[in-house]
Amino acid sequence: MTAGGTSPRPRALAPAPRVAPTRRAAAALYVTLALLALALFALAPAAGAQAPVQPYGTNDAGGFRNVLPAGENGLDNAQQLAEFEASKEKGEEAKYPPHFADQLPLYADLLYASPTLTHEQIPDYYKDATFGVKEGEAASQESPRSDVTIVRDKAFGVPHIYATTRGGVMFGAGYAGAQDRLFLMDVLRHAARAELSSFAGGREGNRAMDRTVWLDAPYTEADLEFQIDNAAKVYGAAGERVLEDGREFVAGVNAYIDAAKLNPNLMPAEYTALSKLPEEWKLTDVIAEASLVGGIFGTGGGGEVREAQMLEALETHFGKGSGRRAWKDFREANDPEAPTTIAQTFKYETTSPFATAGLALPDPGSVKFVSDGEVLSTAAPTGAGAARGAVGMPPAGANAGFASEAAPSDGSIGARLLHQAHHESNWELVNASHSTNGHPLAVMGPQVGYYLPEILLEEDLHGPGIDARGASFPGVNQYVQLGHGRDYAWSATSGEATDTHTFAEVLCEDETHYLYKGQCVPMELLEHTNKWTPNASDTTPPGSERLFVYRTVHGPVYARGTVGGKPVAFVHDRTTYFHEADSSIGLSELNEPGFITGPQRFEEAVSKINFGFNWSYVDANNIAYYLSGWYPKLAPKTSPDFPVLGTGEYDYQGFEPVLHKEDLLPFRAHPKALNPDMLVSWNNKPAPGFAAATNKNAWGPVYRMQLIRSFIEKDISGGRKMGLEELISAMDEAATQDVRIVALWPMLKEVLGTPTDPKLKEAIAALESWYADGGHRRDLTNTDISKAGSYQHNEAITIMDAWWPKLLEAEFKPALGVEAFAAVQGVLPFGAPHPGGEPEAPDFQDDWYGYVSKDLRDLLAAAKGAAKPIAPYSRIYCGGGSFQACQHALQNSLLEALSLTPAQIYGHGACAEDAQASCFDENRWTSASGISVPPFPFQNRPTFQQAVELTRTLPR
């Protein structure tokens with residue numbers, strides 16, 4: 001029986017995953033070296049005095065649950081790694097370190113509970129997240145410093161940190177974070193500094209990650225120190241307080257490192273494989289890692305040059321006027337049909353894209369994206385990236401944040417970071433009037449991919465001014481970033497709104513000088529050299545690589561070209577550049593019970609977070625929403641969509657280059673809402689009028705948040721009320737749906753008509769059956785979460801996966817021509833699954849779903865009198881507007897897809913011996929550990945997730 005008193009779904013025990021012989025040899029060396037290290041160190045001394053521990057549930061209103069796979073513990077010492085390897089070699093059930101993977105069954109098994117989940121079953125899938133540890137349930141207690149005590153619970157090993165001083169809380173967070181994630185923290189800090197290859201080895205994936213970071217967020221140590229020095233100058237006492245919090249946090253990390261160097265039971269075995277020991281942590285490491293996290297999850301825009309290239313191709317094909325109208329079709333900057341989180345209009349960046357002030361459209365064919373890596377010496381350079389930066393030429397769809405399309409697939413941690421699954425995040429909230437208990441409900445969490453150990457950790461923090469439990473990124477976990485306070489909870493999804501624009505620096509004298517405010521000024525050359533040697537995990541021969549990037553007053557140079565015949569350098573101006581840790585003030589306030597007393601104070605806190613996130617809030621009486629971020633005020637009458645001259649006249653309003661500040665969108669103009677009927681965000685458009693960023697051309701009439709919203713609308717229609725179990729099911733049912741079949745099949749079926757070809761008839765029947773059954777990608781008969789199973793409606797899913805790219809080509813390529821079609825795809829690539837590619841879990845986020853929907857609805861309106869779309873495109877693309885031609889094209893594309901075999905579609909990489917969609921889709925781990933965990937069946941849902949139903953408010 002489980003905590004909820006119900007029997008969990010039966011599940012087969014999984015043996016430890018096997019590895020290839022060459023990997024087994026490396027693993028054996030790995031273990032041998034780690035065990036040798038174990039024998040060389042002495043045990044650490046015992047702890048001294050301890051801070052008092054609060055009883056379970058102190059200052060907690062109750063009603064909080066969460067889950068974080070695979071588990072809280074990310075430490076495998078030498079002995080534990082040896083035991084795991086032994087179980088793997090024997091084919092036995094995997095012997096994991098305690099709490100390494102014990103939350104995965106809760107998380108993965110929810111797939112099989114919805115849509116019949118009951119309220120009593122919720123504890124089977126979400127653990128208790130109340131403050132503290134129940135009496136008799138403490139597994140360990142230690143005091144690494146006299147003002148802090150860390151208690152870990154028996155159930156899941158979560159650290160509960162109690163301190164008599166605020167500094168003690170921060171110290172404890174650093175110490176416990178290092179206990180659970182030290183090696184991953186080290187990976188992240190080196191990645192954040194573009195030093196991953198020097199740390200982990202010279203595989204191309206690690207070097208590609210370094211080049212990507214150096215191109216996007218190049219910082220010298222002096223730059224990082226500058227941000228520390230200016231915190232108090234810019235923010236006064238609040239800035240000084242977060243700096244002191246950071247110093248105490250760093251002290252806690254270093255205290256654990258010191259202890260681990262004395263006690264091999266505390267030392268991650270992965271260091272032995274690299275022949276390294278952890279080095280002292282610095283406050284600048286925290287700043288650097290904040291830049292990495294923000295660059296992945298909290299930025300948007302920067303795609304103006306790609307937009308200009310798409311415009312150029314469309315004008316070449318259609319002519320200037322028609323080409324510009326076609327560009328607007330595919331830009332989808334402000335589609336009135338786009339689903340939004342809130343209904344109220346908030347206008348931002350609505351100026352004409354062709355506004356002439358400072359417009360710097362590159363000359364046709366002149367753009368060349370920069371190379372930012374140069375191999376200095378290596379015994380065996382391989383691939384194109386050995387000669388130039390693998391991401392020096394930004395991939396299709398690249399933006400100011402970290403890109404993934406051009407990353408190598410060599411198994412390195414860098415490649416895995418670049419290939420990370422961009423599921424992004426979702427949350428859904430329902431207000432009190434629609435719930436069965438008369439109080440708001442919330443299911444919410446970030447989708448950050450699946451890592452070993454997880455790239456989030458859980459912590460429970462208590463001390464002066466701090467009462468919070470939830471998840472944070474290791475290495476910057478001095479505060480709970482996503483979680484709950486005493487009687488409220490909060491979460492976030494990536495906002496993906498525009499904080500980055502492109503300026504065209506007009507060159508003078510040579511390629512490294514540019515005009516700014518009437519002066520010819522030099523660019524700053526930022527250089528960094530990585531050196532690597534072979535290790536047990538990466539046998540790449542010794543080598544080195546110089547990274548370099550030029551930086552102007554606006555930011556780093558990422559492309560060059562000409563504008564009106566004059567040479568220019570295109571640079572990204574990101575508002576958060578040189579302000580990577582400023583969000584700490586707002587995050588700190590979210591943890592403070594005396595500050596967060598209701599939704600208005602919540603909005604005040606998250607408004608101080610400069611990265612772009614959709615924040616949600618729930619308490620016993622309210623739900624609320626606020627879009628955070630530093631969104632610049634552009635110079636009057638300048639384009640929000642294309643590059644603008646960087647000569648000074650067209651800077652952001654209020655631009656101040658010394659402190660890197662500018663005028664920003666004011667609080668009142670940010671999308672926000674209090675107590676609407678419901679709130680749903682799955683990285684969709686926040687509000688009508690709030691323009692899509694230039695790397696977000698997918699905010700059209702179809703977006704995946706509609707999947708969740710439709711379930712909620714059904715559950716509360718006709719005055720009905722829903723419980724938390726129904727809200728969980730709304731999320732989880734959508735987590736396995738294929739948006740292509742759910743949103744597009746009715747119109748695709750109408751256009752396909754009733755062909756006589758028996759193959760087409762059978763395919764249409766299979767797709768129709770799948771659609772009628774909800775369009776899920778799941779196997780509800782599978783009893784082993786370590787196995788892929790075989791999807792219900794497998795035939796139909798295989799047809800759709802093979803057909804989708806051929807469908808898009810058939811619908812749009814004849815009208816656009818080869819070059820324009822490629823240019824549009826360069827801005828918005830086709831999404832996963834990619835037939836014939838490497839296995840990858842689909843996120844159904846950014847793809848051509850909206851393009852297909854609007855184009856075919858317009859076609860059906862013209863041919864059959866169906867409802868015309870709002871704001872139709874400038875032309876019907878499919879069949880050139882001819883229904884018969886479009887039907888013929890789609891039928892032929894479907895026939896062509898039917899000729900592909902499952903082996904051709906899915907039989908690659910990990911699925912070479914299991915060529916089917918269920919294998920291809922599996923959620924696979926990005927590993928920074930010697931311990932491996934099998935992939936598990938596809939779910940497109942948050943990694944860390946809270947389920948919240950609050951019924952009371954506590955006094956402050």
Side-chain angles (χ1 to χ4, degrees), residues 57-68 122-123 125-132 158 160 341 425-432 435 437-447 456 458-462 466-472 479-493 586-606 609 613-626 628 672-676 678-681 723-725 727-728 731 941-954 956:
T58 300
N59 293 324
D60 189 303
F64 303 106
R65 290 190 171 276
N66 70 35
V67 65
L68 177 63
I122 293 175
Y125 308 104
Y126 295 88
K127 69 182 188 292
D128 179 15
T130 304
F131 289 163
V158 174
H160 306 264
T341 296
S425 314
N426 72 48
W427 44 248
E428 38 282 335
L429 301 90
V430 173
N431 81 14
S435 77
N437 70 0
H439 296 277
L441 306 171
V443 177
M444 50 193 184
Q447 280 172 280
L456 293 171
E458 187 173 358
E459 56 191 2
D460 184 18
L461 307 178
H462 305 284
I466 302 287
D467 261 331
R469 176 174 176 170
S472 296
Y479 314 113
V480 170
Q481 294 158 0
L482 307 140
H484 75 85
R486 293 182 176 181
D487 52 9
Y488 60 92
W490 75 93
S491 193
T493 72
L587 292 169
S588 169
E589 290 174 350
L590 286 172
N591 286 233
E592 297 181 27
F595 190 92
I596 304 296
T597 56
Q600 290 79 15
R601 298 304 298 277
F602 153 77
E603 289 182 349
E604 184 180 341
V606 296
I609 295 172
F613 291 103
N614 297 294
W615 293 94
S616 61
Y617 168 92
V618 62
D619 62 28
N621 303 301
N622 303 285
I623 60 173
Y625 162 69
Y626 186 89
S628 73
K672 64 181 75 66
L674 177 62
N675 290 324
M678 72 175 82
L679 288 166
V680 179
S681 175
L724 183 61
E725 66 277 11
L727 190 58
I728 292 171
M731 173 280 304
R941 83 182 253 217
T943 315
F944 169 73
Q945 191 169 55
Q946 301 181 83
V948 182
E949 48 182 350
L950 294 163
T951 59
R952 64 188 182 123
T953 299
L954 299 182
R956 295 294 192 269

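Along the sequence shown, residues are numbered consecutively beginning with 1. Note: hydrogens, waters and symmetry copies are ignored here, and every other heavy atom, side chains too, is used.
- Checked against a 6.0 Å centroid threshold, the rings of Y626 and W490 do not count as neighbours.
- Side-chain N/O atoms of N675 and N622 include a donor and acceptor closer than 3.5 Å.
- Residues Y625 and N614 bring a donor and an acceptor atom of their side chains to less than 3.5 Å of each other.
- Taking the ring axis of F595 as reference, the NZ or CZ atom of R601 stays within 45° of it and closer than 6.0 Å to the ring centre.
- Contact annotation: the side chain of N426 approaches that of P942 to within less than 4.5 Å [non-hydrogen atoms, C-beta and beyond].
- In this structure, a donor-acceptor pair under 3.5 Å is absent between the side chains of Q945 and N66.
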Full working for side-chain contact (heavy atoms from CB on, under 4.5 Å) between L587 and I609: CA-CA 7 Å; L587 292 169; I609 295 172; 3.9 Å; yes
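- Residues P440 and S435 form no side-chain contact, since every pair of their non-hydrogen atoms from C-beta on lies 4.5 Å or further apart.
- R952 and D60 are not joined by a salt bridge, as no carboxylate oxygen comes within less than 4.0 angstrom of a charged side-chain nitrogen.
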Residue pair Y617, I596: steps toward the side-chain contact (heavy atoms from CB on, under 4.5 Å) verdict: CA-CA 11 Å; Y617 168 92; I596 304 296; 4.0 Å; yes
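- Side-chain atoms of E459 and S472 form a donor-acceptor pair, as typed in the model, at a separation below 3.5 Å.
- No donor-acceptor contact under 3.5 angstrom links the side chains of W427 and S681, judged on distance only.
- Side-chain contact check for R469 versus Q946: every heavy-atom pair is 4.5 Å or farther apart.
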